[in-house]
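Everything below concerns the one structure shown next.
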Protein chains: 2
Amino acid sequence: MTTSAPVVVSRSTLKRLPLYLHVLEDLQRQGREYASCTMLAGKFDFAPILVRKDLEVTGAKGTAKIGFKVVDLIRDIKEFLGWHNVQDAFLVGAGNLGKALLGYKDFELYGLNIVAVFDADPRKVGTRVFNKEVLPMGRMPGLAKRMHINIGIVTVSADGAQAVVDAMVISGIRAIWNFAPAPLSIPDGIILENARLTQSLAVLSNNLKRTLQSE
Amino acid sequence: MTTSAPVVVSRSTLKRLPLYLHVLEDLQRQGREYASCTMLAGKFDFAPILVRKDLEVTGAKGTAKIGFKVVDLIRDIKEFLGWHNVQDAFLVGAGNLGKALLGYKDFELYGLNIVAVFDADPRKVGTRVFNKEVLPMGRMPGLAKRMHINIGIVTVSADGAQAVVDAMVISGIRAIWNFAPAPLSIPDGIILENARLTQSLAVLSNNLKRTLQSE
DNA sequence: TTATTATCGATAGAAAATTATCGATAAATC
DNA sequence: GATTTATCGATAATTTTCTATCGATAATAA
Ligand SMILES: NC(=O)c1ccc[n+]([C@@H]2O[C@H](COP(=O)([O-])OP(=O)(O)OC[C@H]3O[C@@H](n4cnc5c(N)ncnc54)[C@H](O)[C@@H]3O)[C@@H](O)[C@H]2O)c1
Ligand SMILES: NC(=O)c1ccc[n+]([C@@H]2O[C@H](COP(=O)([O-])OP(=O)(O)OC[C@H]3O[C@@H](n4cnc5c(N)ncnc54)[C@H](O)[C@@H]3O)[C@@H](O)[C@H]2O)c1
């Protein structure tokens, strides 16, 4: 056995890694060579030991008293997340949110490259969004198979989401990034990740409510 | 003492509540009168007991064998989150993402009403986005104070975010919903909630990487 | 009517995540 | 050169979150 089994880490750790990455890339731009867990922790009000535990999973090695080498740490985090190889993705739903995602340049930094857009609305098909032609849904399966697309992004309204996901699964797509607020069912083996803005809003709203109440 | 102290619940629970809410609103539209934890759990692959624990914090009361009354549960969740009273909010950064948020009609359902937009770019100031005029940054503090705005939404680039947040704090804004991938510092007592899409993407990417590796 | 079943609500237990401790080490200071 | 300090890496303890159990209850079926 030459390859070690891929390490499974907690969702919480996984979600903190990109936070560190953003800071590290900033430090790199500023020409800093080393970064310590204590310093990274300070940026987020985390306990330093939490950051050290998180970085541990990436296999990065630090040095006592000086910390981690910034370039190496960036590389190790990106590799751990799978962001060192950029993956091509399809986006379905050329509405407000879909357009915003299409216009986001930094996705390349995060291992994502949206290569085609689809929509069911005949009025949108044929129009161009950020220099990409909106294609009809019917072309999705064929193109996805031909191009070996692994990632599908869902930015349609909630009532259309399940149908889109079903089509993606048929198209051989392996991982789905869903922005619609609908519970989706998928077959085993397919990865579903929900990016629900309202979850974050719920935390904010409840905090604000409690603050206002206790005045 | 007449008012009970506001209940503090875990972030995890708080983030699951809107998920239930979406389903419940759907059930309501379908005319269903009751919903059980077991059923809700099934929609998300959660353990039924987890849903019951989550709903407990809202103070909602269920009935054995039949479950929770849909209308009441919706009301209790919304009230717990603070979504029964819609809060006015300011948005800063009329770019791709800012426009998408401005165009999102459902925020009203989630207790949020974006009433004004600001941008530092003179070419954007004066233009209209979803029928709202983009205002210059200089007008933000005055208007925020006059209108008693509690919520600020940050959709500027990472390097501008701290300045925007500082301005919001000075303007009397109490809670900040930040979409920029920058660690922000805020004074005690101000609520900061980060909506970082890359966090969700990191989970997806890592899962996909592991899936692809183990083939 | 009585038995069965699905569910709630309360309490207890298990698992996971976070935090603390401690020896080792490398740099900085005395 | 010895001492102090900041940090890492490993292990242990603690806290938080999630899950299981169990009696009570309301609907349904026998
Ligand atoms: N806009 C936001 O800021 C925002 C915030 C949070 C969540 N969301 C969610 O993201 C999704 C998209 O939001 P939006 O504001 O862009 O909506 P939108 O109405 O602007 O766009 C939806 C697009 O999806 C297309 N579509 C609908 N059903 C389809 C189907 N079955 N197949 C293919 N295309 C289909 C429509 O033609 C439209 O172009 C929604 O589910 C919304 O709830 C959006
Ligand atoms: N577009 C996306 O899908 C997406 C996804 C994830 C994260 N984000 C983040 O959201 C933020 C906005 O992204 P975007 O794609 O809309 O960018 P964008 O460049 O389209 O828009 C940014 C807007 O902010 C304004 N701005 C910049 N600095 C400002 C300042 N100091 N004060 C006031 N206004 C200022 C700019 O004039 C511009 O209109 C970025 O931080 C980005 O990293 C965007």
Side-chain angles (χ1 to χ4, degrees), chain A residues 4 7-20 23-24 27 32-77 80 199 202-203 206-207 210, chain B residues 7-20 23-24 27 32-77 80 199 202-203 206-207:
Chain A
S4 57
V7 188
V8 182
V9 306
S10 78
R11 232 187 121 73
S12 335
T13 291
L14 230 27
K15 290 177 80 175
R16 282 187 298 263
L17 290 175
L19 304 183
Y20 308 142
V23 173
L24 291 165
L27 292 172
R32 280 257 320 239
E33 215 181 333
Y34 287 92
S36 77
C37 292
T38 315
M39 186 268 284
L40 286 172
K43 301 268 182 186
F44 300 99
D45 269 330
F46 293 164
I49 180 67
L50 179 67
V51 179
R52 209 170 306 143
K53 279 265 153 204
D54 286 341
L55 298 184
E56 199 171 89
V57 306
T58 68
K61 294 286 169 204
T63 319
K65 183 78 182 182
I66 54 175
F68 294 79
K69 200 160 189 183
V70 173
V71 269
D72 293 355
L73 190 50
I74 289 177
R75 187 202 54 225
D76 290 343
I77 294 178
F80 183 78
Q199 292 194 299
V203 178
N206 178 263
N207 281 340
R210 283 186 293 110
Chain B
V7 188
V8 182
V9 306
S10 78
R11 232 187 120 73
S12 334
T13 290
L14 230 27
K15 290 177 79 176
R16 281 188 298 264
L17 290 175
L19 304 183
Y20 308 142
V23 173
L24 290 165
L27 292 172
R32 280 258 318 239
E33 215 181 334
Y34 288 92
S36 76
C37 293
T38 314
M39 185 270 281
L40 286 172
K43 302 268 182 187
F44 300 100
D45 268 332
F46 293 165
I49 179 68
L50 179 67
V51 180
R52 208 169 307 144
K53 279 263 153 202
D54 286 340
L55 298 184
E56 197 171 90
V57 307
T58 69
K61 293 287 169 205
T63 319
K65 182 81 181 180
I66 53 174
F68 295 79
K69 200 160 191 183
V70 173
V71 268
D72 293 354
L73 190 48
I74 289 177
R75 186 204 53 225
D76 289 343
I77 295 179
F80 183 78
Q199 292 195 299
V203 178
N206 178 263
N207 281 341

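Chain letters run A, B, ... following the sequence lines, proteins first, then strands; residues in each count from 1. Note: hydrogens, waters and symmetry copies are ignored here, and every other heavy atom, side chains too, is used. All values reported here derive from a predicted model rather than from experimental measurement.
Within the 4.5 Å cutoff, side-chain heavy atoms of B:F80 are placed close to those of B:V9. For the pair B:L27 and B:V23, the minimum side-chain heavy-atom distance is below 4.5 Å. In this structure, A:L40 and A:F46 have side chains that are not in contact, with every pair of non-hydrogen atoms separated by 4.5 Å or more.
Distance OH (B:Y34) to C1' (D:dA26): 11 Å, rounded to an integer number of Å. Per the geometry, CD belonging to B:E56 stands 8 Å off C1' belonging to C:dA10, to the nearest Å. Rounding to whole angstrom units, CZ of residue B:F46 and P of D:dT17 are separated by 15 Å. A straight line from NZ of B:K69 to P of C:dT7 spans 18 Å, rounded to a whole angstrom. A straight line from CG of B:D45 to P of D:dT19 spans 11 Å, rounded to a whole angstrom. Put simply, CG on A:L55 is 12 Å from C1' on D:dG9, counting in whole angstrom units. Separating the NZ atom of B:K15 from the C1' atom of D:dT17 is a distance of 14 Å, rounded to the nearest angstrom. Regarding A:D54, its CG atom lies at a distance of 14 Å from the P atom of D:dG9, rounded to whole Å.
Going from atom CG of B:D72 over to atom CG of B:L24 covers 11.0 Å, rounded to the nearest 0.5 Å. The structure places CD1 of A:I77 at 12.5 Å from CG of B:N206, a figure rounded to the nearest 0.5 Å. In this structure, CG in B:N207 is found 8.5 Å from CZ in A:R11, a value given to the nearest 0.5 Å. Rounding to the nearest 0.5 Å gives a distance of 6.0 Å between OG1 of A:T63 and OH of A:Y34.
From one end of the helix from C:dT1-D:dA30 to C:dC30-D:dG1 to the other, with five pairs defining each end axis, the axis direction shifts by 0° (rounded to 10°).
Considering only side-chain N and O atoms, B:S10 lies nowhere under 4.0 angstrom from the phosphate OP1 or OP2 of D:dT16. Of the side-chain N and O atoms in A:R16, none sit less than 4.0 angstrom from OP1 or OP2 of C:dA17. Neither OP1 nor OP2 of D:dG9 sits under 4.0 Å from any side-chain N or O of A:R52.
Comparing C:dA10, D:dC8, C:dA20 by their closest approach to the side chain of A:S36 singles out D:dC8. Proximity note for B:K53 (side chain, C-beta onward) versus D:dT17, C:dT11, C:dT18: the nearest is C:dT11. Checking C:dT18, D:dC8, C:dG9 against the side-chain heavy atoms of B:F68 singles out C:dG9 as nearest.
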For residues 50-59 of chain B, dump all side-chain donor-acceptor pairs below 3.5 Å to protein atoms at least two apart in sequence or in another chain.
from, atom 1, to, atom 2, distance (Å)
B:D54, OD1, B:T13, OG1, 2.9
B:D54, OD1, B:R16, NH2, 3.1
B:D54, OD2, B:R16, NE, 2.6
B:D54, OD2, B:Y20, OH, 2.6
B:T58, OG1, B:L55, O, 2.6
B:T58, OG1, B:A60, N, 3.2

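Considering all non-hydrogen atoms of both residues, A:P18 and B:A202 come closest at CG-CB, 3.6 Å.
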Base-contact (B) and sugar-phosphate-only (S) positions in nucleotides 24-30 of chain C, heavy-atom cut-off under 4.0 Å, - elsewhere: -BBB---

